[in-house]
Structures are given as C-alpha cells and as structure tokens.
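The structure appears right after this line, and notes come after that.
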Amino acid sequence: MANPWDSYDGSSSFDELINEHGRPRTAARRLIGKLKRMSTTDLAARRAAAELAIREMGISFTVYSESGNIDRAWPFDIIPRVIRTKEWQTVNSGLVQRSRALNAFIDDVYNRQRILADGVVPAELVLESRNFREQCKGAQPRHGAWAHVCGTDLVRDADGRFYVLEDNLRVPSGVSYMIENREITKRVLPELFHDYSILPVDDYPTRLFQMLASLCPRKRSRPTIAVLTPGIYNSAYFEHAFLAQGMGAELVEGGDLFVDDDECVYMRTVDGPQRVDVIYRRIDDDFLDPECFREDSALGVPGIMNSWRKGKIGIANCPGSGVADDKVIYAFVPDMVRYYLNEAPLIDNVKTYLCMREADRDYVLENIEQLVVKPANESGGYGMLVGPHASKTEHAKFRKLIESNPRNYIAQPTLKLSTAPTLCEDGVEPRHIDLRPFILHGEDVWATPGGLTRVALKRGSLVVNSSQGGGSKDTWIVES
Amino acid sequence: MMLSRVAERLYWMARYLERAEDTARLVNSYSQFVLDIPKGYEPGWNVLLKTIDGVETFEQSYRRPTERNIIKFLVADEQHLNSIRYSIKAARENFRTTRDVLPKTAWELMNELHLFVEQQSESSIARNKRFDFLKNIIACNQQINGLIATTVTRNRALWFLQLGQLMERADMTSRIVDVATAEINARTTLPVPGIPMLWSNLLHSLSAISAYQRKVGPIIDANEVIEFVLKMSQFPRSLAYCTIAIEENIGQLKAPNGMLRSLRSISRKIARFDTQEFTLDELHKFIDGFQAGLADLHDGISATWFLPPPPT
C-alpha cells in the first residue's frame, strides 16, 4: 500500500513541518518520522478514535443555519503543528508588547486622549467609530487594563515570518479548543509525546482566574468570579462552561444577576443574594446593560454599567474595549507601540490599505483582483472579498461598497498562508493554517504558549473560521 | 454557593435520569414477564401506557396499541416527554448548563449515554435487541449515579440531585403500584400460577424481588408485596424510604417549616395505610393523595429555591 505521505507537496507556500527540499524541519523530524511509519489504516483508526473522543468529551460548537442551530462536533486534525521554543519566544514578547500598547491606547482614548491630540491616530476615526462608547469616558479600570483577554490572529506568509492579521478584543473564543486539542492528541497519539518536551497548555484556566482575581474591587483572598454567558444557544457555550468549570467560577446568565440599591452586583442563589466581584462576560457590549445600550437586551444586567463605572465590579473585557478592535484602527497599532512604549514592534502588521485615504483607495480600486477586502467591523470571516477567488461581479460590487463608505473598508495583499500536513480523504495533504494565541492582561501580561491553530480543511481554501468549514490542530511549542 | 438556576437544572437532570432508568426497568420487566405467560393469556401492552399516564398522548400519534408501537413510544420516541430517549436528551441539556458544578468525567458518561441512546434506540425495539439495550440504559445510569455518589462534594449540588431523583422515584413507584394492582385484579381469569407471577413482576419492575425474598420469604403474597413497596423504609425504592430521604435532603437545604410538616404528614399517611385489609378503591385513593402531596411538594421546592419566573 502506498504511504500516505508519498505524494506530499508543500512547496506552494511556506510549510510548517516540511521544508522546501521535502524534508522535515528540525523540530518536526521525530514527529514526522513516527507518523510516516504509520499505515493509512492506522492513521484512519487514530482519526476515528479522535472523533469518538470529541463526541464523548462533548466538545461542540453551534452553527447558525437556515435549518436551525446545529450543534456540531469540533473538526480536528490529528497531525500537530510544531513551532520551536526559540522562535516562539520572540512572538511571545511581541504579543505582550502589542497588548501593552493596545491597552494604553484604550485607556488613553477614554481619558486624556493624548494620542488623538498628538495626531498619531486621527481623532475622528476614534470618536466617530460606533465602537467608541461615550458611556466609558472617564472610567479608570484597575491596572489601566481594558482588553483583559485578547485573541490575536497570526499568519505566516511565504517569507516564513509571522504577521498579525487582527486583534480580537471583544469576546474572543477558541481557547477551550486549544486545551482540548492537546488532550485529544494525548489520548489518540500518546507515543508522539515520548521524544518531545512540549510546553503544557492546560494551566490557562488558572492563569485566567489569577488575571480576573487581580481585577477584584475589594480586598479578598478568593474573589467571587462569574462567567456571564448568553446561554446554551450561543456558539461558544461549550467554552463558557469549560472555563467556568476550570476556574471553579459560577457560570451565570443575565437572569441570575441583578444590581441592588448599593450599586453592587449580586447573584440569585438558593441562600439569597451573593455579591459578585468580577464578571468575565462573554456577551457583547450591546447586550451588557439594557439601561445603557440595547434596551431590548434580555441577556444583560440592568444597571451593571453604573456599578462598573463606580468601581463596584470588575468586568473583563471592559465595556468599550472594542474601540481598538477595528480593522482601520488595527493599521495604527505599530504606531501605538512606538508612541506609548517607545519600542519598535516585534511582530509586524500585514500591509494594510485604508480606503479612507485617497491614495490607498485608488490603489485598492485599481488592484482589487489581487487584494483581500475586509469590512472594518465584521468578525468570523463574514462580508469579506478574496480578490483572486472572486468573480468580476463581486469585484464590481465591492468597488461600489468601498466608494460609498470608504471608512468601513480596508484591503490587504492576498497572503500565501503557510500550510501544514493534514490528514485528508486521499492521504496527507497541505492545508492552510493560522494561529490564535490568547493574551491575558490584568496586573501582569501573559500569553499562551502557542495557541489555537485553525486549519482550512478545503483544498486551497484560506478561510479557517469554524463557522465556515475550518478545523483545528494541536499546537506544540517544543525544545529542539 | 449555588445559583437558583443551577439548583433547578440539577433537580431536573436527576429527575430525567431517574425517569429513564425507571422506564427502562419497567419495560424490561414487563417484556420478560410476558414471555412467561401461557399461550392464550397474553396480556396487552396498554398497561405500560397507563403506568406512565401516557394513553392520550400515545393515541394522538399512534394508531394501534401494538407491542411495537408502545415500545417505540416508551423507548425511542423523540417527541414524547416520557420516552427514554427524550428523558436522556433532556437530562443532557440540563447537564450541559450545569457542567461547571459536576465532575468532568460525569459529563463524559452523560455524553456516552446520550450517544448510545441516539444511535441504538430506534433499532432496539424488537425483543431480541430490547433486553440488552434496556440493561445498558440502566447500567449507564447507575454508573453516573455511582460517580456522583463517590466524587461529588456533600453539599447543595448533591442534595438537589438526590431530591430530584427521589421525587421521580417516589412518583414512579406509586404509579406502578397503582396501575399494577388494578390490572392484576382485573385478571382473575388467569390460571392460578399466573397471579403470584403478576405480583412478582411488580417487584421486578422496582428491582425489589431479591430484597423482598430476603425480608419476607419466597412466597409472593399480594398483601406482603404492597406492604413492602409502600412501607419497607429500608428498601430504597419504597414510598416510605423515598419520603424519609426527601425529608433528609430538604432538611440539609434548610427547608421552611411548612414544607417539612407536609412531608411528615405524607409519612404518617403511609404508616396508617392498612396493607392487610384494603379495597382497590382505597388503595387508589391513597395513591392519588400521595401523588397530590408530591405535586404540592414540588411546587414548594420550586418557590423556595428555584429562579423566579422573569417579570412580565
């Protein structure tokens, strides 16, 4: 029988595990060696074991479709992605640096607005953004930290370097899959672990707990922490429950909480009201407080914004953090790093054209076939145009969209996302991947070793989002 | 610390798990029992519907009360509230929203059970598959119960789980006693050995046969059976046991005095019921009263500990 690796050709992009000569990269040598000794049948059996483990572990996410919400098992590829510790250290420092700059920026725009006064970021860009929340002006959260949990999407281009694609500062998800992926790999491919020392990922809930505890508004040895979920029908409900369990925190819905006359937040318990110190909220700003934002929100807690402003409750991420989670603001993050930290950025942005700038706009309209165009404000890969894969009609449509609302669009060159060997129907084939590490920012700043590697399971596809047919891989940071 | 919402879902999760297990036991013992009945005397399967109070719902979606239809209704029906499949699904949904207070391994067992039922229930209606299927349901449930009993901290989570389990069990035991007694009396045409067999089936459906034999002896006597399942306070499926255990659990939860008083009144009524000298009508009335007591108790539990309905 043919070896499933025989026809592997990862030469069209940078491949994470196989170099340009078709040989395993140093850090992946032992891994590939072991995998190559496995037959097609054996690999298929391991994959089946992984699928069963996923079902039994109840790992699922919800897809919202026309035929109702489907709870799908998490698509997982059993071949891990490997990164050397040495390379990771630089990325790690870059992530920490970026988080410091972003938080300094958010704190600044809601208070003194120095960066706007100095003209480093155009004031109207921030103040007229729908992500800028008037209600947050003057707020002084502890440690000057606003975006406490950040999921930064990294991609590796053809030159083999990491770039930041975007910073998710609102309610980024995926960290539970990072942890579960490791657990599945341990179950189904335990022999791979013998030859490696791999940085563990399962202490994330502890780190998250410590970070949240550092936001506690009063002196307590063990603050009361609650994870606020929109409920069972949210696509990330699994993760909300996972993290609450891992932290020993309460998993609450809006109806479980209320604000009393003393402006503190309480949970309804079988023994009566219990005060909450910190809320890790997994619902958007819009739904957080019907008194402040959307009146029709049944998910939120009336009065909670007032408690937060008065310093009676810690909320992660702080309301208003989304002001820095905008694809236009993104283009200015390297400037923020220089402005607030007086340092050179350690990880670069992807080259970004801002359609609000005339010269950039002309370039984008001229070259739309080669570019990826994104709306400033969407997430999950929705509403974007991948120029080289789109039709003429779509190009025309996006040209119009850009001309009618330039502030709302950015464009980037179409990256050659790196690939990694992935077990497919016909053997092992290269598939495009990205990487989402998570950064925790409270009293200290810390980033996950590695993160969630997302993989576009369709051949040639660049879309890695789980809602659009993406899967994931275990990610190893290894000593080599 | 326990959220009212979590308390409510734990309670219902336990109720649904117990319901699935009890239904499995009921269907299993009845199916076994039918095998022993001499040709020409085979009883109908309607009695199972009566026991779970499902005759009307059944008639809405099925035409004839055949064995196949009734078993499908009780085991594999996705819509009907009392089917094993529905109960397991509902238990899992409740579990899903309370995962943070229960051990992770219990969640995995719950998923295994749910997967098993989703995959196998449709194909387990035929007699040759049915027994294994039902046995497995019972075994999985007991595995979950065992895990909870040996790993969950002795605190509110456990008390609410036990409360739900006991409420459901008390309800099921009382239904089985009620319907089975009426059925047996309607069947005086059976040849003589048939009658004790019916009573022993009642014990089987409550997993009470061995316990009965040790306590009373090998002879299955109608009055002794009723005495046993109503009053034998050391047997964990009897009405007396369930009532006492419910009282202990709500005591742990610091129940209001009124609730404890009405429970003691239920206990007294069980003690006063004369199992040696009673008419069918008296038994039926007693069971009705018992079930009304349970319903009141449920309302009390709900008002005391669960989340108030959202303001309208």
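So that the names make sense, note that chain A is the first sequence line, chain B the second, and so on, each numbered from 1.
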Other residues, nucleotides, ligands: >12 heavy atoms within 6.0 Å of B/Q142 CD: yes

Under 4.5 Å from a heavy atom of chain A, the part of B/L102 involved: backbone

Neighbours of chain B found in residues 278-287 of chain A - heavy atoms under 4.5 Å: none

Ion pair A/R187/B/E108, N-O distance below 4.0 Å: yes

Atom CZ of A/R222 with >12 non-hydrogen neighbours under 6.0 angstrom: no

Contact origin within B/F306 toward chain A - heavy atom pairs under 4.5 Å: neither

Neighbour count above 12 (heavy atom, 6.0 Å) for A/E191 CD: yes

From OG1 (A/T269) to CZ (B/R5), nearest 0.5 Å: 12.5 Å

Option that, when pairs with chain A are counted at under 4.5 Å, heavy atom only, ranks first among B/E8, B/R156, B/M110: B/R156

Contacts of residues 246-267 of chain A with chain B (heavy atom under 4.5 Å): A/A249, A/E250, A/L251, A/V252, A/E253, A/G255, A/D256, A/M267

Under 4.5 Å from any heavy atom of chain B - which part of A/Q274: side chain

Closest heavy-atom pair and its distance - B/P103, A/Q245: C-NE2, 4.2 Å

Heavy-atom pair with the smallest gap, counting every atom of A/F242 and B/K104: CE1-NZ, 4.5 Å

Which portion of B/E93 sits near chain A, non-hydrogen atoms under 4.5 angstrom: both

Non-hydrogen side-chain atoms of B/K254 and A/D271 separated by less than 4.5 Å: no

Side chains of B/L3 and A/R268 in contact at under 4.5 Å (non-hydrogen atoms): no

Separation of A/M57 CE from B/E112 CD (nearest 0.5 Å): 12.0 Å

From A/F238 atom CZ to B/R96 atom CZ, the distance as rounded to the nearest 0.5 Å: 10.5 Å

Within 6.0 angstrom of A/K312 NZ, more than 12 heavy atoms from elsewhere: yes

